[in-house]
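Positions are given from 1 along the sequence. In listed order, ligands and their atoms are each counted from 1.
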Amino acid sequence: MEKTLSIVKPDGTTKNLIGEVLRRFEGANLRVIALKMINLSKSEAEAFYSVHKDKPFFSSLTDFMSSGPCVVTVVEGESAISKVREIMGATNPDEAAEGTIRKDYASDIERNIVHGSDSLESASFEINYFFNALELNDRNSRD
Ligand code: ATP
Ligand code: MG
């Protein structure tokens, strides 16, 4: 079982897509094992996306991510990292496959509704950034 971190970004919560995003994950046999709604500060968004700190879009991205509420979730399942990324679609909605969240709802390459961890390493960093062990309702914690 793999865990990944996903975020319904501020454009997603504004467009009433929280349920739609979670429905797509659940429909793909993934399980939501932790969830919260938070308003990131600019500096919290910067720390979360620090891998992009030298990119030209960093300032705009972190302004956007701190512009409204995010729903942050931990999703568990077989190949959860790649499954969530497949359901999300490509970063740029113009390049996203039909039937993906970003193809259906993203307005541009920045405002693309949803985030998903891109590797085991980033999933571990990102899950720990938002949740402590007691907040993860995974199978092991119930044994
Ligand atoms: P995410 O990390 O949010 O799941 P991703 O892995 O598909 O998305 P990244 O390359 O990690 O894409 O970029 C992180 C986020 O930065 C993107 O989701 C998007 O919101 C924003 N972004 C990426 N590239 C650009 C760009 N060229 N211009 C503006 N914003 C961008
Ligand atoms: Mg990424």
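- With distances taken over non-hydrogen atoms, the option nearest atom 18 (O) of ligand 1 out of Lys9, His115, Arg85 is Lys9.
- Relative ring orientation between Phe57 and His52 is described as tilted, the plane-to-plane angle lying within the 30° to 60° band.
- Listed by number with element, the atoms of ligand 1 under 4.0 Å from a non-hydrogen atom of Asn112 are 17 (C), 18 (O), 19 (C), 20 (O).
- Taken to the nearest 0.5 Å, the CG atom of Asp118 stands 9.0 Å off from the CE atom of Met88.
- Taking all atoms of both residues into account, the shortest heavy-atom contact from His115 to Ser6 is O-OG, 2.8 Å.
- Within the 4.0 Å heavy-atom criterion, the part of Arg102 lying near ligand 1 is the side chain and not the backbone.
- Distances between N or O atoms of Arg111 and those of ligand 1 include no value under 3.5 Å.
- Near Gly116, the atoms of ligand 1 lying under 4.0 angstrom from a non-hydrogen atom of the residue are 4 (O).
- Using modelled atom types, no side-chain atom of Ser122 and backbone atom of Ser117 make a donor-acceptor pair closer than 3.5 Å.
- Counting only heavy atoms of the protein, atom 9 (P) of ligand 1 lies nearest to His52 NE2, 3.6 Å.
- If you check which protein heavy atom lies closest to atom 5 (P) of ligand 1, you get Thr91 OG1, 3.6 Å.
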Would you sort out whether Lys42 and Thr62 count as a side chain to side chain donor-acceptor pair (under 3.5 Å), showing the intermediate values?
CA-CA 6 Å; Lys42 172 86 170 164; Thr62 51; 2.8 Å; yes

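- In Phe64, neither the side chain nor the backbone holds a heavy atom less than 4.0 Å from any atom of ligand 1.
- Scanning all heavy atoms of the two residues, the minimum distance from Asn39 to Gly68 falls at OD1-C, 3.3 Å.
- With rounding to the nearest 0.5 angstrom, the CD atom of Glu2 is 10.0 Å from the NZ atom of Lys83.
- Set against the non-hydrogen atoms of Met88, the atoms of ligand 1 under 4.0 Å away are 4 (O).
- Neither the backbone nor the side chain of Val51 comes within 4.0 Å of ligand 1, counting heavy atoms alone.
- A donor-acceptor contact shorter than 3.5 Å links the side chain of Arg102 to the backbone of Val114.
- Counting protein heavy atoms only, atom 19 (C) of ligand 1 is closest to Ile109 O, 3.2 Å.
- Ligand-side atoms of ligand 1 in range of Leu61: 15 (C), 16 (O), 20 (O), 21 (C), range being under 4.0 angstrom from any heavy atom.
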